[in-house]
Amino acid sequence: MKILVIDDDSAVRKFIITTLKRENHTVFEADNGTAGIQMFQDERDFDVIITDLIMPDKEGIETIMEVRKLNPSIKIMAISGGGKVGPENYLVLADALGANATLRKPFSGQELLMSLKLME
Ligand SMILES: [Mg+2]
């Protein structure tokens, strides 16, 4: 699959990308929602977008809403370790706004791949 990974944490991005590439996915990355939306509009034919929720500049909830508007059928996975109120609230919100899957950080490579499989 062609997958776009959006996360402001470079270590998390690297971990996700390494995991996905090992499974032969084609992976693009962005470090915030603005860059992610730009990449999404340039490339278009992504199968899945994996986005962090708490990011500077443009955060994940807004990113999910914009991506949904541009492509109602694309698969979106929201990932979060949460902020002050804990990850659940953010993930529930992401789910309500159209994420197809949510995953709480920290997660293993296996959990990520399983979650990806369940979205198919
Ligand atoms: Mg973040």
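Counting convention: from 1, in listed order, for ligands and their atoms alike.
The existence of a salt bridge linking Asp52 and Lys105 is confirmed by a sub-4.0 Å separation between a basic side-chain nitrogen and an acidic carboxylate oxygen.
Taking Ile, Leu, Val, Met, Phe, Trp and Tyr as hydrophobic and joining them when side-chain heavy atoms fall under 4.5 Å apart, one finds Met114 in a cluster with Leu118.
Tracing side-chain contacts under 4.5 Å through hydrophobic residues (I, L, V, M, F, W, Y), one reaches Ile64 starting from Ile49; they form part of the same cluster.
Of all protein atoms, those of element N, O or S that lie under 2.8 Å from the Mg ion (ligand 1) number 3.
Judged as a side-chain hydrogen bond (donor to acceptor under 3.5 Å, both in side chains), and not counting sequence neighbours, the contacts of Asp42 are Gln38.
Results of the side chain to side chain contact (heavy atoms under 4.5 Å, CB included) test with Arg13 over Val27, Thr18, Val5 single out Val5 as the only residue that passes.
Within the structure, the ring-ring contact (aromatic ring centres under 6.0 Å, His included) test picks out the following pairs touching residues 4-28 (sequence neighbours left out): Phe28-Phe46.
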